[in-house]
Amino acid sequence: LLAFFYHQIFELTCGIYQACRKANGSKKNLWDGFRFIIEKMIIESWEVLMDFTLNQNDYEVITVKRK
């Protein structure tokens with residue numbers, strides 16, 4: 001229930017979240033994208049995650065090979 005309230009607050013008050021929603025078309029696409037990024041990268045904060053979602057070309061991604 002708490003997560004639902006947070007989502008509602010973001011929907012109404014957070015401009016960058018609203019821009020991410022608009023850019024991804026649906027909540028499902030947005031959260032699938034967030035999950036993919038979180039699984040593959042180390043993200044510093046929620047704000048960086050949303051900014052990366054909107055402006056991926058502004059970031060340098062360094063890949064590390066596993067042994």
Side-chain angles (χ1 to χ4, degrees):
L1 194 56
L2 188 58
F4 173 77
F5 287 128
Y6 274 107
H7 289 219
Q8 294 303 306
I9 291 168
F10 287 137
E11 288 281 338
L12 298 171
T13 63
C14 184
I16 192 166
Y17 180 82
Q18 293 166 356
C20 286
R21 269 289 312 278
K22 187 175 182 179
N24 284 279
S26 71
K27 284 183 186 180
K28 181 184 182 327
N29 289 341
L30 174 62
W31 288 97
D32 286 346
F34 284 163
R35 271 190 291 279
F36 177 80
I37 293 168
I38 291 168
E39 287 175 1
K40 304 294 179 191
M41 302 172 66
I42 298 171
I43 302 294
E44 295 176 18
S45 68
W46 173 249
E47 290 81 12
V48 172
L49 173 63
M50 290 189 292
D51 187 57
F52 180 80
T53 300
L54 291 173
N55 306 300
Q56 291 181 14
N57 293 331
D58 293 348
Y59 289 84
E60 180 180 357
V61 178
I62 300 169
T63 58
V64 177
K65 292 184 181 182
R66 293 183 182 183
K67 293 182 179 184

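Just the heavy atoms: all of them, side chains too, but no hydrogens, waters or symmetry mates, feed the values below.
Tracing side-chain contacts under 4.5 Å through hydrophobic residues (I, L, V, M, F, W, Y), one reaches Ile37 starting from Val61; they form part of the same cluster.
Taking 4.5 Å as the limit, every side-chain heavy atom of Met50 sits out of range of all side-chain heavy atoms of Leu54. For the pair Ile9/Cys14, no side-chain contact is recorded, criterion being any heavy-atom separation below 4.5 Å from C-beta on. In this structure, Lys27 and His7 have side chains that are not in contact, with every pair of non-hydrogen atoms separated by 4.5 Å or more. Using a 4.5 Å cut-off on side-chain heavy atoms (C-beta onward), Arg21 and Ser26 make no contact.
Here NZ of Lys40 is found 13.0 Å from OG1 of Thr63. Values are rounded to the nearest 0.5 Å.
Other residues sharing a hydrophobic cluster with Phe4 under the 4.5 Å side-chain heavy-atom criterion for ILVMFWY residues are Leu1, Phe5.
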* Asked: Could you go step by step and tell me if Phe34 and Trp46 meet the ring-ring contact (aromatic ring centres under 6.0 Å, His included) rule?
  -> CA-CA 10 Å; Phe34 284 163; Trp46 173 249; 5.4 Å; yes
* Does the side chain to side chain contact (heavy atoms under 4.5 Å, CB included) test come out yes or no for Asn24 and Thr53, once each step is laid out? -> CA-CA 9 Å; Asn24 284 279; Thr53 300; 3.7 Å; yes
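Surrounding CD of Glu44 are at most 12 heavy atoms belonging to other residues, nucleotides or ligands under 6.0 Å away.
By the ring-ring contact (aromatic ring centres under 6.0 Å, His included) test, Tyr59 is found to be paired with Phe52, residues two or more places apart in sequence or in another chain being considered.
Here the side chain of Glu11 pairs no donor or acceptor atom with the backbone of Gln18 at under 3.5 angstrom.
Among all heavy-atom pairs drawn from Leu49 and Ile43, the shortest one is N-CG2, 3.5 Å.
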